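Remarks on the structure that follows.
Here the structure is a predicted model, which means the values were calculated and not measured. Below, read A as the first sequence line, B as the second, and so on, with proteins coming before strands; counting in each chain starts at 1.
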Protein chains: 2
Amino acid sequence: MSLRYAILGLLSKEPATGYSVTREFKYRITHFWSAHHTQIYRELVKMEAEGLVRSKTIRQSDFPDKKVYAVEEKGMTLLLHWLLQTPEKKETLSMKDPRLLRVSLLHLIDIDQSMAYLASYRDQHKSAQKEIKEWQSVHLESLNNEQFGEYLTSEFAIRYMEMWSDWCEWATSVLKEYKKKGDLNETQHVESDGS
Amino acid sequence: MSLRYAILGLLSKEPATGYSVTREFKYRITHFWSAHHTQIYRELVKMEAEGLVRSKTIRQSDFPDKKVYAVEEKGMTLLLHWLLQTPEKKETLSMKDPRLLRVSLLHLIDIDQSMAYLASYRDQHKSAQKEIKEWQSVHLESLNNEQFGEYLTSEFAIRYMEMWSDWCEWATSVLKEYKKKGDLNETQHVESDGS
DNA sequence: TGACACATGTAATAAGTTACATGATTAT
DNA sequence: ATAATCATGTAACTTATTACATGTGTCA
């Protein structure tokens, strides 16, 4: 139920279309929020029905019409209320990372395969980090108050990516050692002494 | 659609009940997977209908009956297939962290409030890290092949928590400085020079 | 000619959450 | 008594994803 807060948060900075909200989620704040475009369009319609936002259809000659949404007072009040409420009931984090799921089961597959995955995960995060840094240097040259939160969260993202790639390298080195010793994916029966 | 892989992964280590699967998700692999108990029960029923797992009802004298699920060959094949398929289509990560959402909008609220949030987030991750370390020392004393993946992912979790609390401290110090300078949450109108 | 970016959406399905229900035992 | 843990589930609901649809302009 906090998709709407994410949307309101974006709209509070400047009015936007469903399309541009989707784009922002996709290219900028993937590290803490994501949503599918159909979901965003539907939510925006619902929010307008509830009087939280208001749309204005802009006619364009070179492109199809677009609907620009802006936050209404009621929406701003709701957003502020959410921001201020003490998060007693632990907010649903719902981490669901299939990559880590895979790693947790790596004893079931080939060790070289596992290392290949780790290498690609590492590259993914390295390049993601690079992108964020580039985004920072473009959008966060001169900080104003509105951008301050984004400065903090983009720094979070950089550290997160750093942590990921460091961990990948660490895990790879650990796997390499185990491979040398032949502990993994080999003769698993020698360990069970009796059962 | 990868909830079933998470469940199959747990069952592949040892047969379990819906209840214990829920418990494992909750206390052990929260950092990369989570699911509600009703969802797990439903999924298990569906999976049994599809022949991926098989249940056995165990009568208990002191407790109500329980249904222990074990992976069938078909389920194991499916799991292995999923593990081996190259993840070309970027797997849906769907990060949804309301805490970071809040931080990204911290210019809308009081700066002391923001710092209070950061402090509690820091504590949360500190204690979560402690719990994982304790879990490690209990469950990962002598590593066998099956536990190897969990060793890697629990190390990930520890680093993740470390990163989080470090970032909280960094963000707090940055906010402190800004507070001194009075840049945030004060006289935002002085900046706009003309518009 | 086909793909891609712009821009918006419907319909169908899958996934996830909340509220509620049952019924025993153990701890406070 | 009351709450908590064990153990399983149904029903109702909300949220999220996929497939599909439409239509224009630009680029290779």
Check nucleotides 22-27 of chain D for protein N or O atoms closer than 3.5 Å to its own N or O atoms and list the pairs.
none

Tabulate atom names and distances for all N/O pairs under 3.5 angstrom spanning the protein and nucleotides 8-10 of chain D.
unit_1, atom_1, unit_2, atom_2, d
dT8(D), OP1, Lys67(B), N, 2.6
dT8(D), OP1, Lys67(B), O, 3.4
dT8(D), OP2, Tyr19(B), N, 3.2
dT8(D), OP2, Tyr41(B), OH, 3.3
dG9(D), OP1, Lys67(B), NZ, 3.0

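Arg23(B) has its CZ atom 7 Å from the P atom of dA7(D), to the nearest Å. Between the P atom of dT8(C) and the NE2 atom of His36(A) lies a distance of 15 Å, rounded to the nearest Å. Rounded to an integer number of Å, the gap from Ile40(A) CD1 to dC6(C) P is 15 Å. In this structure, the CG atom of Leu44(A) is 12 Å from the P atom of dT10(C), given to the nearest Å. One atom, CD of Gln39(B), and another, C1' of dA7(D), lie 18 Å apart when rounded to the nearest Å. Counting to the nearest Å, the P atom of dT17(D) and the NZ atom of Lys26(A) are 12 Å from each other. Rounded to whole Å, the distance from NZ on Lys96(B) to P on dT14(D) is 17 Å. One can place CG of Leu3(A) at 15 Å from C1' of dA15(C), the figure rounded to the nearest angstrom.
Put simply, Lys46(B) has no side-chain N or O that comes within less than 4.0 Å of OP1 or OP2 on dA14(C).
Here CZ of Phe156(A) is found 8.0 Å from SG of Cys168(B). Values are rounded to the nearest 0.5 Å. The structure places CD of Glu43(A) at 4.5 Å from NZ of Lys46(A), a figure rounded to the nearest 0.5 Å. Atoms CZ and CH2, from Arg102(A) and Trp82(B) in turn, are 5.0 Å apart once rounded to the nearest 0.5 Å.
Residues Ser154(A) and Gln136(A) bring a donor and an acceptor atom of their side chains to less than 3.5 Å of each other. Counted by atom type alone, Ser55(A) and Glu48(A) present one or more donor-acceptor pairs between their side chains at under 3.5 Å.
Between Trp170(B) and Tyr151(A), the ring planes are perpendicular. Angles over 60° get that label, and only those under 30° would be called parallel.
When the side-chain contact (heavy atoms from CB on, under 4.5 Å) test is applied to Lys130(B), the partners found at least two apart in sequence or on another chain are Glu134(B).
Residues Glu146(B) and Lys13(B) form a side-chain contact, since some pair of their non-hydrogen atoms from C-beta on lies under 4.5 Å apart.
Cluster membership check: Val53(A) does not share its hydrophobic cluster with Val68(A), using side-chain heavy-atom separations under 4.5 Å among Ile, Leu, Val, Met, Phe, Trp and Tyr.
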